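Owing to the predicted nature of the structure, the values given are computational and were not obtained by experimental measurement.
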Amino acid sequence: MGPRTAESASKEVKTASGGRYGGQGVARQRSCSDGSNYSRRGLHNNSSSSPVLYNPKSVLKRPVSTEELQTPGGPYIKKTFTIMGDAVGWGFVVRGNRPCHIQAVEPSGPAAAAGMKVCQFVVAVNGLNVLDLDYRTVSNLILTGPKTVVMEVMEEMDH
């Protein structure tokens, strides 16, 4: 059975389980506790083969304030995703600060199956408003919470 979808004018809810996609032979990268991915990089001065973190620049086109996200009639629509983590994680990376945003979504991961996209702003995690928190705190809430996470996000409406 595929992801279930229910839509209304102001809210979209999608549910996805990570277990369904685990058997397709797609290798997934292990995430760090703050949502970064490990990447091996050759360093001339260091013969160690330990992983080095690689953090790309922000995917956002411009800064967005929490007030802008909460403005009634603004250009953002609220969406809710219920994501069941798998053995590797939930399949997304959170970055930013007041508000946080989705920096990356793994194409074969549970978050992508639920419909999560890059550049969405994180409003709530498991019912807790996180608009005024930094990405490390939000990542910690996700990592220390239940295997199934409910993410409320704001996404810019198509023009």
Side-chain angles (χ1 to χ4, degrees), residues 1-21 28-39 53-159:
M1 184 165 127
R4 294 177 293 163
T5 304
E7 293 188 36
S8 69
S10 66
K11 191 173 179 180
E12 180 179 311
V13 178
K14 291 191 176 185
T15 304
S17 167
R20 178 171 179 224
Y21 297 95
R28 299 218 6 235
Q29 220 174 15
R30 176 67 63 185
S31 295
C32 299
S33 63
D34 69 354
S36 301
N37 285 328
Y38 284 108
S39 174
L53 292 178
Y54 173 68
N55 293 321
K57 67 178 187 170
S58 176
V59 294
L60 299 179
K61 295 175 186 167
R62 65 178 181 82
V64 174
S65 69
T66 57
E67 292 79 17
E68 184 178 350
L69 287 176
Q70 296 175 320
T71 302
Y76 295 93
I77 186 167
K78 186 181 288 187
K79 295 186 176 187
T80 301
F81 303 108
T82 300
I83 306 163
M84 179 182 261
D86 61 15
V88 179
W90 292 268
F92 64 92
V93 176
V94 174
R95 284 288 180 271
N97 188 22
R98 299 174 182 94
C100 296
H101 63 276
I102 304 301
Q103 175 72 19
V105 177
E106 183 184 345
S108 63
M116 186 173 278
K117 298 176 189 171
V118 170
C119 296
Q120 292 173 327
F121 293 93
V122 182
V123 174
V125 174
N126 295 326
L128 178 68
N129 185 308
V130 297
L131 280 172
D132 291 318
L133 302 178
D134 68 333
Y135 79 88
R136 288 190 170 108
T137 306
V138 172
S139 294
N140 191 47
L141 281 172
I142 295 165
L143 291 168
T144 60
K147 185 176 181 180
T148 299
V149 63
V150 178
M151 299 282 295
E152 194 173 293
V153 301
M154 296 294 274
E155 179 180 300
E156 193 164 14
M157 291 188 285
D158 296 329
H159 298 293

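V94 and Y135 make their closest contact through O-CD1, 3.5 Å (heavy atoms, listed as atom of the first residue, atom of the second, distance). When all heavy atoms of Y76 and V64 are compared, the pair lying nearest together is OH-CG2, 3.5 Å. Smallest separation of non-hydrogen atoms from G91 and A111: O-CB, 3.8 Å. Looking at every heavy atom in both residues, V88 comes nearest to D86 through N-OD1, 3.0 Å. Taking both residues in full, the closest heavy atoms of G115 and Q120 are given as O-NE2, 4.2 Å, listed atom of the first, atom of the second, then distance.
A distance-only check finds no donor-acceptor pair linking the side chain of W90 to the backbone of L143 [under 3.5 Å].
V105 has its side chain out of reach of V93: every pair of non-hydrogen atoms, C-beta onward, lies at least 4.5 Å apart. N126 places a side-chain heavy atom less than 4.5 Å from the side chain of V149. The side-chain heavy atoms of V153 and K117, taken from C-beta on, include no pair separated by under 4.5 Å. At a threshold of 4.5 Å between non-hydrogen side-chain atoms, the residues F92 and V122 do not count as touching. Side chains of I83 and M151 form a contact here, defined as non-hydrogen atoms less than 4.5 Å apart. The side-chain heavy atoms of V125 and V150, taken from C-beta on, include no pair separated by under 4.5 Å.
Residue pairs meeting the salt bridge (charged side-chain N to carboxylate O under 4.0 Å, His left out) criterion with at least one member in residues 122-131: none, sequence neighbours excluded. A salt bridge (charged side-chain N to carboxylate O under 4.0 Å, His left out) check over residues 60-77, counting only residues at least two apart or in different chains, returns the pairs R62-E68.
For D134, the side chain to side chain contact (heavy atoms under 4.5 Å, CB included) test picks out N97, R136, T137, with sequence neighbours left out. Residues passing the side chain to side chain donor-acceptor pair (under 3.5 Å) test with Q70, sequence neighbours excluded: none. The side chain to side chain contact (heavy atoms under 4.5 Å, CB included) search around T66 returns P99, L131, D132, not counting sequence neighbours. Residues forming a side chain to side chain contact (heavy atoms under 4.5 Å, CB included) with V59 (at least two apart in sequence, or on another chain): H101, Q103, V118, C119.
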(request) Check the pair V123, V130 against side chain to side chain contact (heavy atoms under 4.5 Å, CB included), reporting the backbone distance first and the verdict last. (result) CA-CA 6 Å; V123 174; V130 297; 5.9 Å; no
(message) Please determine whether salt bridge (Lys or Arg N to Asp or Glu O under 4.0 Å) holds for the pair E152 and K78, giving the CA-CA distance in whole Å, both sets of side-chain angles, and the decisive distance to 0.1 Å.
(response) CA-CA 7 Å; E152 194 173 293; K78 186 181 288 187; 3.3 Å; yes
